[in-house]
Amino acid sequence: MALSILKGLLQGYVQSLFDEGIVNDQFSQIHTLKSEEEPEHVVQLIDKYFVDVETILSELTSKIDCPDVDFSKLSELAHKVDERSLSIGAKHVKLACVDLIESCDQMNKEKGKDTSSAQRLVMCSDMYTRSFSRALIWIKNEFSHTRNKLEAYAQMERRIIRLKSKQQSSACVPSSSLGCLREVPEK
């Protein structure tokens, strides 16, 4: 009984993630990877996504403070966040990546231009650095919001897995050498 209630709650919660635009159809594809043999596979993918993106965002944050910022490297890092968000179906984070990537690419173009005025380069640099900073803040906010939502999902999924495990272990009456003598009907 409790298992079916939890499954219904989880299904409703996943639908709310879609309705809010937090996740896209790729998130549904990940659910097809769930199996009886590896019930925590989806949760593990989500956990890996969290660790990967947190690491990349930390690196992006630290590199922006460098005096000679290599915006092509920052663009590569932003693309990594984009790819990981695409693979997990984190729609809002992926959308926020677009601005960051564009900001990095634009700054990279400006740095590559042969400028006659050092003052123009400094003005452009400040403008794109601010643009980059805004885009990075947006990604961090979207990631934080998405992480909170997906952590709640993962917590519900883990409860279901624990409950299934308890039900399976109590459905079997152990015998000394024969294993399970009979199965107890599920309640």
Side-chain angles (χ1 to χ4, degrees), residues 10 12-33 41-157:
L10 181 63
Y13 187 74
V14 169
Q15 185 58 51
S16 76
L17 294 176
F18 281 100
D19 294 346
E20 292 175 38
I22 303 294
V23 296
N24 60 22
D25 290 336
Q26 182 61 28
F27 192 74
S28 293
Q29 293 297 318
I30 289 171
H31 276 268
T32 63
L33 302 174
H41 186 69
V42 175
V43 172
Q44 290 169 346
L45 287 175
I46 291 170
D47 289 342
K48 180 163 177 30
Y49 169 72
F50 294 159
V51 169
D52 289 351
V53 173
E54 285 170 349
T55 301
I56 296 167
L57 290 177
S58 179
E59 192 173 346
L60 279 165
T61 302
S62 69
K63 290 196 183 281
I64 191 61
D65 294 330
C66 295
D68 194 23
V69 177
D70 183 350
F71 280 91
S72 66
K73 295 282 188 206
L74 295 180
S75 182
E76 288 175 21
L77 291 171
H79 276 287
K80 286 181 181 182
V81 174
D82 184 61
E83 291 165 7
R84 281 160 179 78
S85 298
L86 174 66
S87 71
I88 201 83
K91 184 178 176 181
H92 280 190
V93 179
K94 181 166 176 18
L95 290 172
C97 285
V98 173
D99 276 358
L100 187 62
I101 292 167
E102 285 176 2
S103 174
C104 291
D105 292 345
Q106 189 63 37
M107 187 58 197
N108 209 30
K109 286 178 191 174
E110 286 298 320
K111 277 186 122 178
K113 286 184 179 178
D114 185 26
T115 58
S116 56
S117 164
Q119 184 181 10
R120 181 180 180 282
L121 182 61
V122 169
M123 282 178 30
C124 287
S125 177
D126 286 346
M127 181 179 73
Y128 291 116
T129 301
R130 282 192 305 272
S131 173
F132 174 85
S133 295
R134 279 192 304 272
L136 184 58
I137 289 168
W138 184 30
I139 283 181
K140 286 180 174 182
N141 287 338
E142 291 300 336
F143 176 70
S144 177
H145 183 66
T146 299
R147 183 183 58 219
N148 290 340
K149 296 286 188 170
L150 292 180
E151 281 175 343
Y153 163 84
Q155 185 178 32
M156 292 173 78
E157 192 69 69

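Quantities reported herein were computed from a predicted structural model and do not represent experimental measurements.
In this structure, CZ on Arg147 lies 7.5 Å from CZ on Phe50, to the nearest 0.5 angstrom. Interatomic distance, CH2 of Trp138 versus SG of Cys97, reported as 9.0 Å (0.5 Å rounding).
Considering only heavy atoms from C-beta on, Lys48 comes within 4.5 Å of Asp52 through its side chain. Counting heavy atoms from C-beta outward, Leu100 and Val81 have side chains that stay 4.5 Å or more apart. Two residues are said to be in side-chain contact when any heavy atoms from C-beta on lie closer than 4.5 Å; Leu95 and Lys91 meet this criterion.
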Quiz item: Going through the distances and angles, do Glu54 and Phe143 end up as a side-chain contact (heavy atoms from CB on, under 4.5 Å)?
Solution: CA-CA 9 Å; Glu54 285 170 349; Phe143 176 70; 3.4 Å; yes
Quiz item: Val93 and His145: side-chain contact (heavy atoms from CB on, under 4.5 Å), yes or no, with the steps?
Solution: CA-CA 9 Å; Val93 179; His145 183 66; over 6 Å; no
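Between the side chain of Thr146 and the main chain of Glu142, a donor-acceptor pair closer than 3.5 Å is present.
For Asp82, the side-chain hydrogen bond (donor to acceptor under 3.5 Å, both in side chains) partners two or more places apart in sequence, or in a different chain, are Lys94. When the side-chain contact (heavy atoms from CB on, under 4.5 Å) test is applied to Leu33, the partners found at least two apart in sequence or on another chain are His41, Leu45. Every residue two or more places apart in sequence or in another chain that forms a side-chain contact (heavy atoms from CB on, under 4.5 Å) with Asn148 is listed here: Ser144, Glu151.
The side chain to side chain donor-acceptor pair (under 3.5 Å) pairs that include a residue from residues 55-64 are Thr61-Lys140, where partners are two or more places apart or lie in different chains.
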Quick one: side chains of residues 71-80, donor-acceptor pairs under 3.5 Å with protein atoms, not counting sequence neighbours, listed by atom name and distance.
{"from": "Ser72", "atom 1": "OG", "to": "Asp70", "atom 2": "OD1", "distance (Å)": "2.5"}
{"from": "Ser75", "atom 1": "OG", "to": "Asp105", "atom 2": "OD1", "distance (Å)": "2.9"}

Give every donor-acceptor pair under 3.5 Å between a side-chain atom in residues 16-30 and any protein atom, sequence neighbours left out.
{"from": "Ser16", "atom 1": "OG", "to": "Tyr13", "atom 2": "O", "distance (Å)": "2.6"}
{"from": "Asp19", "atom 1": "OD1", "to": "Gln15", "atom 2": "NE2", "distance (Å)": "2.8"}
{"from": "Glu20", "atom 1": "OE1", "to": "Lys149", "atom 2": "NZ", "distance (Å)": "3.2"}
{"from": "Glu20", "atom 1": "OE2", "to": "Lys149", "atom 2": "NZ", "distance (Å)": "3.4"}
{"from": "Asn24", "atom 1": "OD1", "to": "Gln26", "atom 2": "N", "distance (Å)": "3.0"}
{"from": "Gln26", "atom 1": "NE2", "to": "Ser87", "atom 2": "O", "distance (Å)": "3.3"}

